[in-house]
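Working notes for the structure below.
Here the structure is a predicted model, which is why all the values come from computation and not from measurement. Positions are given from 1 along the sequence. Whatever order the structure lists ligands and atoms in, that order sets their numbers, starting from 1.
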Amino acid sequence: MEWKQTNESVTFSFQVAPSNLTLGYELCKVTDTKIMFKIILEDQAMVYELNLIDNVEWPPTWTRNLVTMKAEFTFTKREKRPWLNYGTHVLVDAMDPGLELREYQVVSNERLSNLIHLLVVRPKDFLQIVPIGRHVIAQLSLRSHTSRPYNPVPPCLHPDDMASNYTTDCLCFMIKKYSDGALSPCMTTLQIGQTVVFSQSVGSFAIGKYDRFSIIHMLAAGTGLTVMLGIIERALVIRRVRTINLLHFNKDEESIFYEQQLERISGQKLKVTHILRNPKSTWTGKRGIVSRKLLKALVGRRNPDACVFICGPKLFAQNAQSSLRQQLGWTSYQIYEFC
Ligand SMILES: Cc1cc2nc3c(=O)[nH]c(=O)nc-3n(C[C@H](O)[C@H](O)[C@H](O)COP(=O)(O)OP(=O)(O)OC[C@H]3O[C@@H](n4cnc5c(N)ncnc54)[C@H](O)[C@@H]3O)c2cc1C
């Protein structure tokens, strides 16, 4: 663990091993001087108990280097004076706690399109940086029996599109409303100040496994886009990645969301293609469903320097996998399906 300070603040960072990419973090305030730090690695987690020499304010702010994934957490000191040392830290047993549910307060809930809302929520005395490609479980209250998985999304991909009221201790979600659904109608109508429950991160995706590829193809159907946004945010700053080819499949013009925001960051590296199943006759873009013909044209035959990420309904993912593997020669280690 490294630390540095000014009179006003103290900053901590953890570097486990350069070969082991830190994927995510969970910080929990126990008291004003005791903080638990959980560091999430590819297939294990480490928990440190940090006992500070003096009181700090909660929450800390954080910044992350998206290439190395190293994050720095900065706490404001309650008493503005230099510390002789930070205190002590010990590695504690990181037993699997099972699903831990916490209440989050809604800080904004805005419409992105007809059916999609951007929800920003903030927990109390807790902060998590969810590993890219992993999700959390949501439910309306701690006692509710209905839960659904959702992918946290970056607060923005361009500073002009920053989510309303976002601070670095918040999580952001893009949630589609299914009017006859059990949870999404409530999730999309939450008001500022109401609470909702989320778990810690779940899943096994490890972004570092794909760092060797210089071309990333993404096949996203509808809200399958959500998991791709964190990958895009990082891929844009990874020098080795030359091309991000995002294919976003939707039903019709009204179902497209986050279009202008993606347009703003697309260019030499990121290319976005919208493919509609049922567009109006005026649509001049691509149309159809995922098929061998379409993927041959937009992804092409197997390229050893490329990987493909797939996220969407089961049938969509099955069709994509069979077209890529059986007809276009792609191999399983190049493909990751989020489900
Ligand atoms: C890993 C993961 C991440 C996800 N991330 C996101 C995300 O970031 N954003 C997002 O919006 N969604 C995401 N989802 C989907 C999300 O978890 C919910 O499934 C979605 O919000 C619908 O939940 P609901 O309770 O409102 O609807 P449900 O009650 O689950 O119903 C959804 C729709 O399916 C229909 N339906 C329900 N049961 C059946 C059935 N047996 N047969 C046929 N149709 C049926 C319903 O009529 C309704 O139209 C993710 C899913 C997974 C697995």
- Message: Please list the nearest protein heavy atom to atom 31 (O) of ligand 1 with its residue and the distance rounded to 0.1 Å.
- Response: Gly181 CA, 4.0 Å
- By number and element, which atoms of ligand 1 are closer than 4.0 Å to a non-hydrogen atom of Thr226? 7 (C), 8 (O)
- Is a donor on one side and an acceptor on the other found under 3.5 Å between the side chain of Asn250 and the backbone of His274? no
- Message: Ala182 versus ligand 1: do any nitrogen or oxygen atoms come within less than 3.5 Å of each other?
- Response: yes
Side-chain donor-acceptor pairs under 3.5 Å in residues 219-232, sequence neighbours left out?
| residue | atom | partner | partner atom | Å |
| --- | --- | --- | --- | --- |
| Thr226 | OG1 | Asn151 | ND2 | 3.0 |
| Thr226 | OG1 | Thr223 | O | 2.7 |

- Query: Hey, are Arg122 and Thr167 close enough side-chain-wise for a donor-acceptor pair under 3.5 Å?
  - Reply: yes
- Query: If you measure from each heavy atom of Pro152 to ligand 1, is any distance below 4.0 Å?
  - Reply: no
- Message: With a heavy-atom distance limit of 4.0 Å, tell me whether His135 approaches ligand 1 through its side chain, its backbone, both, or neither.
- Response: side chain
- Query: Should Pro185 be counted as touching ligand 1, given the test is an N or O pair under 3.5 Å?
  - Reply: no
- Item | Region of Thr223 that comes within reach of ligand 1 [heavy atoms, distance under 4.0 Å] | side chain
- Met174 contact mode with ligand 1 (heavy-atom cut-off under 4.0 Å): backbone
- Using the test salt bridge (Lys or Arg N to Asp or Glu O under 4.0 Å), find all partners of Arg64 that sit at least two apart in sequence or belong to another chain. none
- Note on the structure: Logged contact type for Asn151 with ligand 1, heavy-atom cut-off 4.0 Å, is both
- Message: My understanding is that only one of Phe14, Trp3, Phe37 makes a ring pair (Phe, Tyr, Trp, His ring centres under 6.0 Å) with Tyr48; could you say which?
- Response: Phe14
